[in-house]
Amino acid sequence: MPELPEVETMCRGIRPIVGGIISSVTVPKCQFRPIQIEPKIRTIDRRLAGECVDRVSRLGKRVVVHAGKWRLVLQPKMTGLVVIDSPPDFEHVRLIIELMGSQVTRMMFWDRRGLGTVQLVTEKELVSKIAAGRLGPDALSISANDFATRLTATRRPVKVALLDQHIVAGVGNLYASEVLHVAKINPACPASQLSKPRLALLHQSMQEILTTAIAYEGSTLSDGAYRNALNNPGAYQNAHRVYDRENQLCLSCSKSQIKRIVQAQRSTFYCPNCQRR
DNA sequence: CATATGTCCTGAGAGC
DNA sequence: TGCTCTCAGGACATAT
């Protein structure tokens, strides 16, 4: 479940490709259903071959590789990884970029479940097709005021609102639970009913947790799927206070057990004592 | 328009 | 042991 911290770690991990000249972009033979790639791989290869990788950036939960006028947009979704040279295995490698003249000569998109996508677009299309109307401001840089305005515009439960990328981009299921626990806010509380001080605290908790999780290189869960670009696990899972801790004692109050509920068909974990309505 | 639900996919783990 | 079933959730499509 790569979310903002995991995707940011991937971006940082593949930065050594910057300065390299792309020699080829290919899809390896694969026993699984191919992932969604737009346009056809042959077109992508033709357009990118010979282009220099100028920069790598993150757009919400997507990795963007800048090469000349082109933007290669990699969306890991559930189990996708962007790695330099050491994927967890080779059977789930979905895309290979070969490079010349950079510190590293290969970058791969690996995806076990194959829900991830790859798109090649121009800067203009990056905005019109992907960012505009689909992605709110980035969770790391959104101001407290903007965050409060956007979040309180919906009556949905605050946990569900945090997952909506139109409102704020980058928060996913795991960090939404973590952030609400630190801010001591009940996940079922309608976003529109949050008080000013609570919104300010939520904003602060969100940015603190995401920043810390980046420093820890993200969370690797029990399935072990998430890895950084060098195939090493993250460390933030050791700092989780509620996620995947159902029936375990709350680390803050030591009085209640962590509860799991389902909201919008996703698990939410919270402490009924610390996060009262 | 706002909100809710269904869908895609593979592999891990539960239960029999 | 080996089978079948359920579940994990990001983001979009479709329904209400």
Side-chain angles (χ1 to χ4, degrees), chain A residues 1-10 27 30-38 58-64 73-82 87-95 109-119 121 126 128-136 138-139 149-180 187-193 210 213 218-227 233 237 240 242-247 260-269:
Chain A
M1 28 89 286
E3 303 177 26
L4 189 151
E6 290 77 24
V7 178
E8 180 61 31
T9 303
M10 290 178 202
V27 171
C30 181
Q31 60 178 303
F32 305 105
R33 193 164 205 241
I35 63 163
Q36 195 184 111
I37 297 181
E38 255 178 23
R58 179 179 59 76
L59 182 65
K61 300 178 196 170
R62 292 163 168 93
V63 175
V64 184
V73 184
L74 306 153
Q75 188 176 29
K77 290 211 183 164
M78 290 299 296
T79 51
L81 293 180
V82 179
D89 62 55
F90 282 89
E91 51 184 327
H92 297 90
V93 172
R94 312 294 185 146
L95 190 84
F109 185 61
W110 179 94
D111 191 352
R112 181 196 284 157
R113 280 166 62 182
L115 296 176
T117 64
V118 174
Q119 286 169 281
V121 296
L126 185 66
S128 66
K129 288 172 133 177
I130 298 172
R134 290 178 190 263
L135 290 181
D138 195 80
T149 305
R150 300 178 72 91
L151 203 66
T152 50
T154 181
R155 282 185 284 223
R156 284 176 293 168
V158 58
K159 156 70 171 11
V160 178
L162 282 173
L163 294 184
D164 188 338
Q165 303 300 297
H166 303 82
I167 296 175
V168 55
V171 179
N173 202 50
L174 189 161
Y175 292 100
S177 283
E178 292 297 321
V179 162
L180 287 167
C189 179
S192 53
Q193 287 179 17
L210 294 176
S219 302
T220 297
L221 302 181
S222 51
D223 69 0
Y226 167 71
R227 293 287 200 261
Q237 65 280 3
H240 291 176
V242 286
Y243 187 80
D244 212 11
R245 293 194 67 245
E246 187 180 12
N247 296 331
R260 184 183 85 95
I261 58 173
V262 174
Q263 296 178 291
Q265 291 145 271
R266 273 111 182 98
S267 293
T268 300
F269 299 88

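A, B, ... follow the sequence lines: proteins, then strands. Residue 1 opens every chain.
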**Item:** Shortest non-hydrogen contact from A:Val171 toward A:Leu162
**Value:** CB-O, 3.6 Å
**Request:** Please determine, by modelled atom types, if A:Gln75 and A:Thr117 share a side-chain donor-acceptor pair under 3.5 angstrom.
**Result:** yes
**Asked** CG of A:Asp164 versus C1' of B:dC1: gap in Å, rounded?
**Response** 14 Å
**Prompt:** Out of curiosity, A:Leu180 CG to A:Phe269 CZ, how far, rounded to the nearest 0.5 Å?
**Reply:** 13.5 Å
With the criterion being N/O to N/O and under 3.5 Å, what pairs connect the protein with nucleotides 6-9 of chain C, and how long is each?
unit_1: C:dA8; atom_1: OP1; unit_2: A:Arg260; atom_2: NH1; d: 3.2
unit_1: C:dA8; atom_1: N3; unit_2: A:Arg113; atom_2: NH1; d: 3.0
unit_1: C:dG9; atom_1: OP1; unit_2: A:Asn173; atom_2: ND2; d: 3.0
unit_1: C:dG9; atom_1: OP1; unit_2: A:Tyr243; atom_2: OH; d: 2.6
unit_1: C:dG9; atom_1: N1; unit_2: A:Arg113; atom_2: NH2; d: 2.7
unit_1: C:dG9; atom_1: N2; unit_2: A:Arg113; atom_2: NH2; d: 3.1

Atom pairs under 3.5 Å: protein N/O with N/O of nucleotides 12-16 of chain C:
unit_1: C:dC12; atom_1: OP1; unit_2: A:Arg62; atom_2: NH2; d: 2.8
unit_1: C:dC12; atom_1: O5'; unit_2: A:Arg134; atom_2: NH1; d: 3.1

**Request:** Can you tell me the distance, in whole Å, between the CD atom of A:Glu38 and the P atom of C:dA11?
**Result:** 16 Å
**Asked** Roughly how many Å is it from CG in A:Leu4 to C1' in C:dG10, rounded to a whole number?
**Response** 14 Å
**Asked** Whole-Å distance between B:dT3 P and A:Leu163 CG?
**Response** 14 Å
**Asked** Going by the ring pair (Phe, Tyr, Trp, His ring centres under 6.0 Å) test, which pairs reach into residues 154-173 of chain A, not counting sequence neighbours?
**Response** none
**Item:** Point-to-point distance, once rounded to the nearest 0.5 Å, from CD of A:Glu246 to CD1 of A:Ile261
**Value:** 11.0 Å
**Asked** What is the distance, rounded to the nearest whole Å, between atom CD of A:Glu3 and atom C1' of C:dA11?
**Response** 13 Å
**Message:** Just the rounded figure in Å: distance from C1' of B:dT7 to CD of A:Gln36.
**Reply:** 13 Å
**Prompt:** In terms of side-chain heavy atoms of A:Arg155, which of B:dT10, B:dT3, C:dA11 is nearest?
**Reply:** B:dT3
**Request:** Determine the minimum heavy-atom distance between A:Ala169 and A:Leu4, stating which atoms define it.
**Result:** O-CD1, 4.0 Å
**Request:** Would you give the length of the straight line joining atom CZ of A:Arg113 to atom NE2 of A:His92, rounded to the nearest 0.5 angstrom?
**Result:** 11.0 Å
**Rounded distance in Å - CD1 (A:Ile35) to P (C:dA11)** = 15 Å
**Prompt:** How far does CG of A:Asp111 sit from CZ of A:Arg94, to the nearest 0.5 angstrom?
**Reply:** 5.5 Å
**Request:** Give the minimum heavy-atom separation between A:Val242 and A:Glu178, together with the two atoms involved.
**Result:** N-OE2, 3.1 Å
**Request:** To the nearest Å, give me how far apart CG (A:Leu151) and P (B:dT3) are.
**Result:** 12 Å
**Message:** Under 4.0 Å from OP1 or OP2 of B:dT3: is there any side-chain N or O of A:Thr154 that close?
**Reply:** yes
